[in-house]
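First up is the structure itself, then whatever we jot down about it.
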There are 2 protein chains.
Amino acid sequence: MGVADRKEREKEEMKVKILEAAKKLFLGKGFEKTSIRNIADAIEYSPGTIYLYFKDKNELLFNLHVEAFNGLTRELSNIDPELSPIDALEVMGEQYIKFAFENPELYELMFVMEAPMESLECKEEVWDDGMKAFDLLRFLVDRCQKDGYLATYEVDDASLMIWSFVHGLVTLKSRKRLDMFCDSEEDSLTRMMRSFNVFLKQIKCGKS
Amino acid sequence: MGVADRKEREKEEMKVKILEAAKKLFLGKGFEKTSIRNIADAIEYSPGTIYLYFKDKNELLFNLHVEAFNGLTRELSNIDPELSPIDALEVMGEQYIKFAFENPELYELMFVMEAPMESLECKEEVWDDGMKAFDLLRFLVDRCQKDGYLATYEVDDASLMIWSFVHGLVTLKSRKRLDMFCDSEEDSLTRMMRSFNVFLKQIKCGKS
DNA sequence: AAAGTAAATGAACACTGTTTAGTAAAAGCA
DNA sequence: TGCTTTTACTAAACAGTGTTCATTTACTTT
């Protein structure tokens with residue numbers, strides 16, 4: 001049936017259309033401040049139409065998940081393979097931080113917001129994307145261990161430790177909890193990077 | 001003027017009354033899900049009245065700041081002084097994590113939300129409370145350094161590193177970003193604590 | 001008691017996410 | 001072709017939100 005096929009295509013096109021408009025607005029003025037009516041206006045449809053393609057606002061958010069993780073995974077994969085594992089780990093950390101600051105709204109969506117997590121019972125399937133990104137870290141930690149770093153720990157535990165630290169650093173900075181102790185914007189940034197270096201040195205000095 | 005004095009007192013009482021109701025509701029069902037009308041109902045006044053005492057909803061939130069930090073500072077101060085610095089650091093970390101899980105709404109307010117930061121240009125004065133809590137960590141790190149731990153780093157940098165890690169761990173857990181990799185709730189909790197222990201061991205093994 | 005002041009109200013404003021009854025166009029079938 | 005059914009969409013409504021403001025109520029001062 002050619003008609004059914006076309007309808008299927010059109011439905012998919014509409015979904016993409018909505019998601020593109022939603023993404024543009026979300027990244028432009030934030031999730032909270034973007035209303036369904038804003039999105040409807042952007043695509044020149046009535047608000048109700050959006051609910052024919054997506055369950056609710058959270059599902060809209062959730063559908064940007066994949067794209068967001070692809071972006072991060074791309075960044076984290078793009079590391080010089082010639083580098084030693086421990087140097088690559090440093091670069092990966094910097095890339096992660098860079099991504100977080102260049103895509104604050106996406107980062108929020110991926111690692112901070114509760115809404116998209118509620119949207120689906122995303123136990124295994126859907127967080128494949130997050131898993132893929134985490135695997136990049138895990139793989140690198142594994143290589144580091146073969147070089148004698150973090151050798152006594154389980155890969156997963158060491159990886160989570162690293163992730164937690166960088167995530168904590170990034171969120172404290174972006175949520176303005178470092179500015180308090182600092183005189184200027186640059187000051188809080190250098191302080192953040194100094195702390196990042198302390199963390200790295202701490203890993204390096206523990207070589208077995 | 002006795003009358004003016006009484007009026008002043010009554011105004012203050014009203015403020016406290018509103019804040020107490022707000023606190024109860026915020027902690028009970030969350031900041032977002034608590035409306036001004038909810039608070040007004042609780043104190044049996046009209047919604048408009050609240051705006052005679054507070055600029056907006058954010059200011060209401062901001063006024064819980066002091067109390068929240070006092071709570072954390074109290075917890076973090078309550079550590080056996082007989083303990084060695086490095087053991088005390090471990091306990092402090094556990095206390096921090098405990099506080100975060102027992103007071104999720106307060107933790108959010110203190111370290112995650114953007115709203116209260118916008119409410120006031122709280123550069124110095126208001127974050128004194130946050131500073132006081134951070135100082136407890138800094139003091140402990142200083143003592144650890146005298147024992148040879150983290151010896152080569154600046155106190156501030158090492159302290160921020162520790163804070164970032166624990167904060168990251170806590171937020172990843174509370175925002176359900178660990179459940180993805182885990183089979184059960186307990187699993188994600190033990191995993192969190194395993195990562196915490198890795199971090200500690202990493203500090204301990206770096207003794208000079 | 002009358003005038004003036006301060007406090008509290010409740011309706012209104014401009015929004016929000018979401019649901020639903022009704023409509024117009026397209027598709028399937030005779 | 002005409003007729004029915006299906007699909008896509010809309011406009012309006014619902015129940016809420018934070019916030020403002022003219023109006024009323026209560027109290028204080030003259």
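In what follows, every chain begins at residue 1, and chains take the letters A, B, ... in the order their sequences are listed. No hydrogens, no waters, no symmetry mates; every other heavy atom, side chains included, goes into these values.
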Quickly work out the [X] [atom1] to [N] [atom2] distance and round it to whole Å.
X     : N      : atom1 : atom2 : answer
B:N58 : D:dT19 : CG    : C1'   : 13 Å
A:L61 : C:dG17 : CG    : C1'   : 13 Å
A:D41 : D:dT10 : CG    : C1'   : 14 Å
A:I50 : C:dG17 : CD1   : P     : 9 Å
A:D5  : C:dA27 : CG    : P     : 13 Å
A:E10 : C:dA25 : CD    : P     : 16 Å
B:Y51 : C:dA12 : OH    : C1'   : 14 Å
B:I43 : C:dT9  : CD1   : P     : 8 Å

With sequence neighbours excluded, what pairs up with [X] under the salt bridge (charged side-chain N to carboxylate O under 4.0 Å, His left out) test?
X      : answer
B:K204 : B:E90
A:E102 : none
A:K57  : none

(request) Compare side-chain N and O positions of A:R6 against OP1 and OP2 of C:dA26 and report whether any pair is under 4.0 Å apart. (result)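 For C:dA26, OP1/OP2 do not have a side-chain N/O of A:R6 under 4.0 Å.
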(message) Counting only heavy atoms not in B:F139 (residues, nucleotides, ligands), do more than 12 fall under 6.0 Å from its CZ?
(response)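 Open: at most 12 neighbouring heavy atoms sit under 6.0 Å from CZ of B:F139.
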(request) Would you tell me whether B:Y153 and A:Q202 have side-chain atoms, one donor and one acceptor, within less than 3.5 Å of each other? (result)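 Yes, A:Q202 and B:Y153 have a side-chain donor paired with an acceptor closer than 3.5 Å.
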(request) Determine the interplanar angle of the B:W163 and B:F111 rings, folded into 0 to 90°, and report it as parallel if under 30°, tilted if 30 to 60°, perpendicular if over 60°. (result)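 Plane angle over 60°, so perpendicular.
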(request) Take nucleotides 4-9 of chain D nucleotide by nucleotide from the 5' end and write B, S or -, depending on whether a protein heavy atom sits under 4.0 Å from the base, only from the sugar-phosphate, or from neither. (result) ----SB
(message) Could you check whether A:K132 makes a cation-pi contact with A:F69, meaning its NZ or CZ is under 6.0 Å from the centre of the six-membered ring and within 45° of the ring axis?
(response)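 Verdict for A:F69: no cation-pi partner in A:K132.
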(message) Among residues 32-39 of chain A, which ones have heavy-atom contacts with DNA chain D below 4.0 Å?
(response)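 Of all residues in residues 32-39 of chain A, the ones placing a heavy atom under 4.0 Å from DNA chain D are A:R37.
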(message) Taking salt bridge (Lys or Arg N to Asp or Glu O under 4.0 Å) as the cut-off, I'd like each qualifying pair that reaches into residues 133-144 of chain B, sequence neighbours left out, listed once.
(response)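 Found B:D135-B:R138, B:R138-B:D156, B:D142-B:K146.
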(message) I'd like to know whether the aromatic ring centres of A:F165 and B:H167 sit less than 6.0 Å apart in this structure.
(response)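 Between B:H167 and A:F165, which both carry aromatic rings, the centre distance is not below 6.0 Å.
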